[in-house]
Number of protein chains: 2
Amino acid sequence: MTEESAQPERIGVLRPTLEAVAELAGVSRATVSRVVNGGAGVRASLRERVQRAVEELGYVPNQAARTLVTRRNDAVAVVVAEPESRVFSDPFFAQQLRGIGKELSAADSQLVLLLVEDTGDYQRVGRYLAGGHVDGALLFSLHQDDPLPAMAHRVGLPTVIGGRPWAATDRDQLYVDTDNRGGARLAVGHLAALGRRRIATITGPLDQTSAADRLDGYRDILPDGDPQLIAESDFTQEGGGRAMAELLARRPDVDAVFAASDLMASAALRVLREHGRRVPEDVAVVGFDDLESVAAWTDPPLTTVRQDIEDMGRLMARLLLRRLAGNGGADAARTTPASVITPTRLVVRASA
Amino acid sequence: MTEESAQPERIGVLRPTLEAVAELAGVSRATVSRVVNGGAGVRASLRERVQRAVEELGYVPNQAARTLVTRRNDAVAVVVAEPESRVFSDPFFAQQLRGIGKELSAADSQLVLLLVEDTGDYQRVGRYLAGGHVDGALLFSLHQDDPLPAMAHRVGLPTVIGGRPWAATDRDQLYVDTDNRGGARLAVGHLAALGRRRIATITGPLDQTSAADRLDGYRDILPDGDPQLIAESDFTQEGGGRAMAELLARRPDVDAVFAASDLMASAALRVLREHGRRVPEDVAVVGFDDLESVAAWTDPPLTTVRQDIEDMGRLMARLLLRRLAGNGGADAARTTPASVITPTRLVVRASA
DNA sequence: TTGAAAGCGCTAACAC
DNA sequence: GTGTTAGCGCTTTCAA
């Protein structure tokens, strides 16, 4: 009994198989399988007998065996290529995940969250995705040369990316993005309409398309702007504060700031106050995101560009699910979903 | 081509199998399998030939098939029974997850995070755990009658719980907990030693053992305390602020507060200031957790009970991995790991 | 060292 | 309706 053998020599609980249930119920495996999977086309009396047997034995289908034949997992991976210190401090992810979770639950699919902490993790996560543990993947926070989309494409794993990817690995790579450029134009246009003439911007990390696109929107409105008025930052509170201080040093006459995230805008507000500037009288400030927990509670409340983050998550999940569902047919072309750019709108509060 | 058939009619990329690699390399499936799994006992020349074939075909083993025979997944679930709004706002989880992630990476096991949002999710998560997708599970934030441990036990899934469970489902249910009671004694003892005589406490939700145990520690030091000095709260910032206001209303002469979390303590600090109390002169405050991002940055910096959260995560993972490893033998008794209570210590800063 | 062959537990034709 | 049967892709004896 000590050595492994072909016989079912298990350590803990002996998990019953379809076979065992079939025997106990006095039917064939096929019938048990039918009952377990909905029971369509099985006489009621038999069905009940089988159900009792399932109950009695505490039978739970072995997913590996099932997946092996059906090629479905009813699970979807969400991969976030960001240290968890950021994943867990930025409300952005939480909201996005909430949307995704809701949509997947409705489809009875399990959300599996994978965090890519450092470079070494890529291999393991890649193996996980390639190994067929999930039916599809939602990829987030991809930086410029992230290998994940290519990996997924290589093994044929359906994928939707959060945010516009830098380059399409795949002709029909699906993604969901906010209209970052349009949103930025809204913000900067508003400041210009207010009569501000020295409008600065605090950007996100420019190796992310969201940050780059927002800067492009800024430039759309101010094509001849002073480069001194552009401070590159990183979407965090600390970074935003630093950038604001820098701008103040470079151009003390700055009279407006478009910060590419609410977190950065809130830090800018604080730094401006510390430097004796009144908002919005001396300097008008506009953020981006409209995070409920931030924008409404700053002093003064933040004028910002609203994007519906939870809805983006929902959309991503829906896109993926539709692609998964649309597998079978030759009519793929008709049912193939397309990438989505969600709209933004300006929410005017007191800061600008 | 439109209908499903037994033939490999796939939609996207045709994923190569062992068979295909074997054919291309001109060897048997067994040999390919050996190479893929480390290549022990295969002649170098053959090994290389196989590796080239694997490379060329972009072969990735099908995990479902592998799991079906090995009964291993190299994946571990972390289940958090808490709405993500809390998971993502409380740094506690992030730290714990970091510890777990590190330990699992080292064992080349994939961390799979499952969030239980509402009651409906239990079924799906239960099915996921029972379905054999993971080798084991780490369970967090279990409330009083949480069905998860029983579910896991029922299907024989090795499990380690974060925090002491209310009742052991299983004789040798493993868990990792902080010495909550001892830590609370440290905190309250410190306040008493400072000469404080009207020491209040703000508790966590008393349906969680961590909160209940900390309250017990408080009572150990103050067995005859005034019940008016005890305010039940919920570990959040909002709750902590409310509780502090309440205490101030009930006992304006309060001269010390032991808050059962740093988040609550920081809110208490703010409320005390708003009520014109100086800390620590009028009211001394001690927290619990020693969250880097909170305790050191409050004004004044928080005296608190330190628990090494990341290490707890690490410990949980290690316990689980050891249990997983210790499966095979009859010597299970000797290698069986036992639950752990991690020590606490008082970190004295300016608030008490 | 290598290959042949027997399953792991399940689903899905297909036949009755 | 129900049972029989043939795999899904892999690992692992066992023999050569």
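Residue numbers start from 1 in every chain, and the chains themselves are labelled A, B, ... in the order their sequence lines are given, proteins ahead of strands. What you are looking at is a predicted structure, and each value in this text was computed from that prediction instead of being measured.
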**Q** Just N and O in the side chain of B/S28: are any of them under 4.0 Å from OP1 or OP2 of C/dT2?
**A**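 The answer is no; no side-chain N or O of B/S28 sits under 4.0 Å from OP1 or OP2.
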**Q** How would you label the contact of B/V27 with the nucleic acid (heavy atoms, under 4.0 Å): base, sugar-phosphate, or nothing?
**A**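 The answer is sugar-phosphate, as B/V27 gets under 4.0 Å only of primed atoms, P, OP1 or OP2.
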**Q** Please determine if a side-chain N or O atom of A/R15 lies less than 4.0 Å away from the OP1 or OP2 oxygen of C/dG9.
**A**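 It does not, given that no N or O in the side chain of A/R15 lies less than 4.0 Å from OP1 or OP2 of C/dG9.
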**Q** In residues 128-137 of chain A, which ones come under 4.0 Å of DNA chain D, going by heavy atoms?
**A**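 Contacting residues: none.
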**Q** Have a look at A/V32 and tell me which of A/V27, A/L24, A/L46 forms a side chain to side chain contact (heavy atoms under 4.5 Å, CB included) with it.
**A**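 Only match with A/V32 under side chain to side chain contact (heavy atoms under 4.5 Å, CB included): A/V27.
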**Q** Taking only side-chain N and O atoms of B/T70, does any of them lie within less than 4.0 angstrom of OP1 or OP2 on D/dT11?
**A**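 False: B/T70 side-chain N/O out of range (4.0 Å or more) of D/dT11 OP1/OP2.
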**Q** Counting side-chain heavy atoms from C-beta on, which of D/dC10, C/dG9, D/dT4 comes nearest to B/N62?
**A**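 So the side chain of B/N62 is nearest to D/dC10.
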**Q** Taking DNA chain D as the partner, which of residues 38-49 of chain B come within under 4.0 angstrom of it by heavy atom?
**A**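 Close to the strand, none.
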**Q** Donor-acceptor pair under 3.5 Å: do we get one between B/R34's side chain and the base of C/dG3?
**A**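 Side chain to base: pair found, below 3.5 Å.
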**Q** So, is A/R72 close to the C/dT11 phosphate, meaning a side-chain N or O under 4.0 Å from OP1 or OP2?
**A**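 Result: no.
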**Q** On the nucleotide D/dT11, are OP1 or OP2 found under 4.0 Å from the side-chain N or O atoms that B/N37 carries?
**A**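 Answer yes for this pair, as a side-chain N or O of B/N37 is under 4.0 Å from OP1 or OP2.
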**Q** For C/dC10, take OP1 and OP2 only and decide whether either is under 4.0 Å from a side-chain N or O of A/S33.
**A**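 No, no such contact exists.
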